[in-house]
**Student:** 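Pasting a structure here, questions to come.
Keep in mind that the numbers below use all heavy atoms, side chains included, and drop hydrogens, waters and symmetry copies. Note that the coordinates shown come from a computational prediction; the quantities given were computed from them, not determined experimentally. We count ligands from 1, going down the list as the structure has it; atoms in each ligand are counted the same way.
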Amino acid sequence: MTAVADYSEKIPNNVDLHEDRRLQRALESWQPNFLNWWESMGPTLPTEDVYLRTAVNVGREGWAHFGHVAMKDYRWGIFLAERDLDRQIAFGQHKGEPAWQKVPGEYRADLQRLIVIQGDTEPASVEQQRNLGATAPSLYDLRNLFQVNVEEGRHLWAMVYLLHAYFGREGREEAEELLHRNSGSEDSPRILGAFNEETPDWLSFFMFTYFTDRDGKYQLGTLKESAFDPLSRTCEFMLKEEAHHMMVGTTGVDRVVQRTVELMLEHDDEEVAARGGIPLSVIQKYLNFHYSVSLDLFGSETSTNVANYYTAGIKGRWMEERRKDDHKLTDDSIHVDALIDGEIGQNEVSALVGLNTDLRREYISDCEGGVKRWNKLLESAGLSQRLALPHVAFNRKVGAYSGIEASPSGEKLSAGDWERRKGEWLPTDVDKTHVRSLMQPVHERGKIAAWIAPPRQGINGRPFDYDYVHLR
Ligand SMILES: [Fe+2]
Ligand SMILES: [Fe+2]
């Protein structure tokens with residue numbers, strides 16, 4: 001295995017693609033379709049070039065190269081984290097056996113399904129974000145948007161590589177389908193609900209990269225544990241790139257809150273909308289929306305499919321190896337959210353069946369970190385207002401609470417009360433129109449829109465006023 005990509009090849013990779021002519025040809029024939037998809041469904045703002053990070057290596061130091069590149073010439077490559085020759089399966093009935101280098105026949109369909117579902121989210125988010133460039137608050141933000149976009153494109157490549165290399169003709173057909181489904185499409189939508197919602201403004205973008213990309217981080221974390229070693233290594237490397245996407249979301253919301261705080265302090269009231277800011281109450285509503293639709297991505301509280309995936313070794317838990325138990329869970333139990341006589345409550349089930357709940361809880365405690373950070377900004381400004389994650393029963397479309405309505409504090413509501421009050425908790429048309437009215441592009445070097453504070457740091461040691469993007 002070579003660790004450094006060969007950029008003279010059509011498809012940069014560290015998987016010795018040239019040694020497998022058939023696979024190489026198959027991927028080379030998928031490549032123009034990918035580029036067509038990028039041209040027709042990718043970013044719409046015309047640019048000359050963008051200061052982007054490109055993955056060139058998977059080693060500990062210096063895995064990425066930074067430079068101005070035309071986005072259509074971006075080198076989307078195939079990178080797997082380095083192979084550990086002694087890697088053993090860490091959980092389930094095959095625990096202690098060597099990791100699989102090929103797909104076992106009995107798990108083929110399940111593995112393919114998991115890879116397709118993960119793969120489908122990657123181009124979906126590019127489609128959701130395609131028009132945001134036109135309203136970027138600064139060149140720095142514009143560059144970050146495009147960085148996230150090209151890397152989601154690379155993540156699509158990562159999943160397509162696995163489909164082509166390990167799943168034969170069916171895998172190749174699925175790879176084509178990944179380009180044919182589109183976010184929000186009537187006839188062939190993306191597989192998961194949150195990936196068919198639009199991302200119409202930058203507050204949504206930051207909330208999406210904070211909450212929804214973070215769901216991706218947790219899904220990748222479970223696939224990184226997979227006994228199927230190529231999937232594990234692929235996800236390990238993707239997680240490295242995801243860290244930047246999380247950073248864009250976390251600091252993006254930081255900066256919106258920061259600016260709102262400044263405007264609140266200047267005038268000693270909450271009426272920041274009239275002064276070009278986003279009111280804290282609106283930030284809270286966006287947070288409520290993105291958090292609740294992201295909770296849905298974890299599926300039902302209980303799932304026999306997921307129990308089977310775990311026992312089979314194809315999908316583990318978040319930080320599997322750090323867990324202090326037998327990694328088989330056959331005798332363990334967990335309390336999961338449930339409706340008990342129609343009321344919000346909990347139910348005890350077998351730990352295996354409750355694995356979706358386990359993952360969702362890891363995710364929730366991670367999300368609490370963001371809220372803490374944003375509240376620190378309010379606190380250190382001497383303001384008494386706080387942001388909060390809504391209750392898990394709030395605005396759910398999937399799982400135990402999908403059949404009821406609840407307030408952000410977890411109080412069950414009648415359908416009528418929900419209809420009357422939901423505008424207090426979710427963005428209304430008035431809120432959305434206001435947020436969108438603020439989305440005037442600032443494409444001038446070193447300048448920034450009035451609704452958001454500048455970042456503390458630029459990218460790769462460059463200053464905020466660097467020429468991150470050259471527009472056409
Ligand atoms: Fe991704
Ligand atoms: Fe991402």
**Student:** If the threshold is 4.0 Å, N to carboxylate O, is there a salt bridge linking Glu301 and Arg360?
**Tutor:** yes

**Student:** With ring pair (Phe, Tyr, Trp, His ring centres under 6.0 Å) as the test, pick out the partner of Phe79 among Phe237, Tyr161, Trp157, Trp63.
**Tutor:**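 The ring pair (Phe, Tyr, Trp, His ring centres under 6.0 Å) with Phe79 is passed solely by Phe237 among Phe237, Tyr161, Trp157, Trp63.
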
**Student:** Only N/O/S atoms count here: what is the atom of Glu122 closest to the Fe ion (ligand 1) called?
**Tutor:**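 In Glu122, the N, O or S atom with the shortest distance to the Fe ion (ligand 1) is OE1.
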
**Student:** Does His245 bring an N, O or S atom to under 2.8 Å of the Fe ion (ligand 1)?
**Tutor:** no

**Student:** With a cut-off of 2.8 Å, does Glu152 put an N/O/S atom close enough to the Fe ion (ligand 1)?
**Tutor:** yes

**Student:** With the threshold set at 4.0 Å, does a side-chain nitrogen-carboxylate oxygen contact exist between Arg396 and Asp337?
**Tutor:** no

**Student:** Name whichever N, O or S atom of Asp213 ends up nearest to the Fe ion (ligand 2).
**Tutor:** OD1

**Student:** From the Fe ion (ligand 1) out to just under 2.8 Å, does an N/O/S atom of Glu242 turn up?
**Tutor:** yes

**Student:** Among the N/O/S atoms of His155, select the one at the shortest distance from the Fe ion (ligand 1) and name it.
**Tutor:** ND1

**Student:** If you look only at distance, which donor and acceptor atoms sit under 3.5 Å apart when one is on a side chain in residues 452-462 and the other is two or more places apart or in another chain?
**Tutor:**
| residue | atom | partner | partner atom | Å |
| --- | --- | --- | --- | --- |
| Asn460 | ND2 | Tyr51 | OH | 2.9 |
| Arg462 | NE | Tyr51 | OH | 3.0 |
| Arg462 | NH2 | Tyr51 | OH | 3.4 |

**Student:** Going by heavy atoms in the side chains, are Val116 and Glu177 under 4.5 Å from each other?
**Tutor:** no

